[in-house]
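Below is one structure; the comments refer to it alone.
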Amino acid sequence: SLHSVFTVLFIYFTSVSTAQTTDCLHLREQCINDANGCKSVWNVVEDVCNISVLGNRCKAEDAIGCNRIIHVLADEYPEFKNCVCTTDDLCSITTLLGKQCSLDKENISTETKLQWSLSALSKQAYTANRTCLDVNKECVEDEVCNKQLSLYLKVCSVNKKCNMGECQAAIRFFYQNMPFEVAQMMTFCDCIQPDESCHRARELLHGKPCAVTAVPPPSCLNIIHVCEENELCRKKYKTFRSKCWRHVTKKCYDDEACLETLIKGDMPCSANADCKAAYISNWGTMLRVECTCQNLLPTEQPLCKLFHHMLHSKSCFS
């Protein structure tokens, strides 16, 4: 119960009150490293605050409930008085986590990559033709992979209303911070048999439906044009084209009239490691959104089909 939670906290914090520290992060770390059960109490705070680590450390899903429990904590234990705010429901969690909140995404990525280096999966060499069910099972059985997968699935869960932008950000974080060998294993897994469990595993690993399915589906022309207006997407698309479709880039660059004259046979794809890395980097961007060439004018069809082939054809990696 909440009362017993704070009883444990009282016993613990009276023992550290001599330090009179006002550093919330320091208090938190002492609590987490304590052998008297304080860590499990802190977990209650984290559960209520439901702290996200995907891109924004300090985004509590239930900000009001989170703020309330932190205020109760501070009322009971004066050490935490400087860790709460009276003005803003969101700022208590920020203060309570101290430096963690000011960590930029780069530092969070570095920390995640460090965790991945301890994973047994990161030592595996990539082998082609793995089933998504096997890959998913290996990830769940690996502590580091399972933790990262859980964070991503929490955002992209089919049980709540899909927010495509948030889900795409979660996928980018998931794939871009894992070792290249593991990323290949997950992105290039497939299902050979009509196996429902495998197809479900593939959908989970590949962000379906939330990150890739828009209703109605956009045209592939629209996807490219919208991507080129977004700085992050534009950079990724440029890298993807130069690494995988060098011939297209060299011959036509951005000239759509020239691109329309190309046919699939004109388009050798360089399926080397750089190309695979660029392809994986597209995951979690609009370049992975399923697009169509239906309902376009006949004059727009050739270019649209070319873009669809570049973005979604498996010919490059099969």
Side-chain angles (χ1 to χ4, degrees), residues 54-56 105 152 155-156 161-176 183 187-188 203 205-272 274-318:
L54 290 167
N56 180 0
K105 290 180 188 177
Y152 142 56
V155 178
C156 299
K161 196 173 188 311
C162 164
N163 181 315
M164 184 182 268
E166 284 183 12
C167 181
Q168 287 178 342
I171 287 182
R172 284 199 302 276
F173 187 89
F174 180 60
Y175 277 106
Q176 288 170 29
T187 50
F188 300 123
E203 286 190 349
L205 292 174
H206 294 179
K208 294 181 179 180
C210 187
V212 298
T213 307
V215 181
S219 82
C220 302
L221 290 179
N222 182 253
I223 287 286
I224 296 295
H225 293 154
V226 172
C227 175
E228 286 178 334
E229 288 168 14
N230 176 287
E231 189 184 359
L232 171 78
C233 191
R234 185 170 63 245
K235 280 182 185 170
K236 288 181 182 293
Y237 177 52
K238 189 177 177 185
T239 305
F240 173 62
R241 267 197 341 193
S242 67
K243 300 295 182 188
C244 294
W245 304 99
R246 202 169 298 145
H247 174 77
V248 177
T249 309
K250 191 175 172 185
K251 192 168 180 184
C252 296
Y253 199 60
D254 282 329
D255 182 356
E256 292 192 350
C258 170
L259 288 169
E260 282 174 13
T261 66
L262 296 177
I263 55 170
K264 286 174 191 175
D266 279 341
M267 295 179 59
C269 172
S270 47
N272 54 22
D274 282 350
C275 167
K276 286 178 179 176
Y279 171 76
I280 292 166
S281 183
N282 286 348
W283 286 51
T285 72
M286 61 194 78
L287 294 172
R288 292 297 304 150
V289 171
E290 292 159 349
C291 61
T292 181
C293 293
Q294 291 178 347
N295 307 321
L296 288 179
L297 296 169
T299 52
E300 294 174 316
Q301 289 285 342
L303 187 59
C304 182
K305 284 176 179 172
L306 180 96
F307 285 147
H308 188 278
H309 177 72
M310 286 171 67
L311 297 176
H312 298 288
S313 165
K314 294 257 178 80
S315 61
C316 213
F317 311 110
S318 55

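Ring geometry, H308 versus H312: the interplanar angle falls from 30° to 60°, so the pair is classed tilted. Between F188 and Y279, the angle of the ring planes stays under 30°, which puts this pair in the parallel group of the 30/60° scheme.
Within 6.0 Å of NZ in K276 there are more than 12 heavy atoms belonging to other residues, nucleotides or ligands.
Of the possible donor and acceptor atoms, none in the side chain of T213 sits under 3.5 Å from a partner among the backbone N and O of C210. In this structure, Y152 contributes its side chain and G207 its backbone to a donor-acceptor pair below 3.5 Å. For the pair E203 (side chain) and P209 (backbone), a donor-acceptor distance under 3.5 Å is absent. No donor-acceptor pair under 3.5 Å is formed between the side chain of S281 and the backbone N or O of A277. When atom types are taken as modelled, the side chain of E228 and the backbone of R234 share no donor-acceptor pair closer than 3.5 angstrom.
What you find for Q301 and L296 is that their closest heavy atoms are NE2-O, 3.5 Å. Closest approach of T299 and P302 over heavy atoms only: O-CD, 3.6 Å. Closest approach of C291 to S219, counting heavy atoms only: CB-C, 3.9 Å. Taking both residues in full, the closest heavy atoms of S242 and T239 are given as OG-O, 3.0 Å, listed atom of the first, atom of the second, then distance.
Side-chain contact between E290 and P217 is absent, with no heavy atoms from C-beta onward closer than 4.5 Å. In this structure, the side chains of H206 and R288 stay at 4.5 Å or more apart for every pair of heavy atoms. A 4.5 Å side-chain heavy-atom check between L311 and F240 finds at least one atom pair inside the cut-off.
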- Task: Verify side-chain contact (heavy atoms from CB on, under 4.5 Å) between M164 and V289, making sure each step is shown before the conclusion.
- Result: CA-CA 10 Å; M164 184 182 268; V289 171; 4.3 Å; yes

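Atoms CE and CD1, from M310 and I224 in turn, are 6.5 Å apart once rounded to the nearest 0.5 Å. Annotation: the span from I171 atom CD1 to L205 atom CG amounts to 10.0 Å, rounded to 0.5 Å. To the nearest 0.5 Å, atom CZ of residue F307 and atom CD1 of residue I223 are 11.5 Å apart. The distance from the CG atom of N272 to the SG atom of C244 is 7.5 Å, given to the nearest 0.5 Å. Residue E300 holds its CD atom at 6.0 Å from CG of L221, rounded to the nearest 0.5 Å. The line from OG1 of T285 to NZ of K235 is 14.0 Å long, rounded to the nearest 0.5 Å.
Across the pair C156 and C162, the gap between the SG atoms, which is the quantity tested here, reaches or exceeds 2.5 Å. Under the 2.5 Å SG-SG cutoff, C304 and C220 do not qualify as a close cysteine pair.
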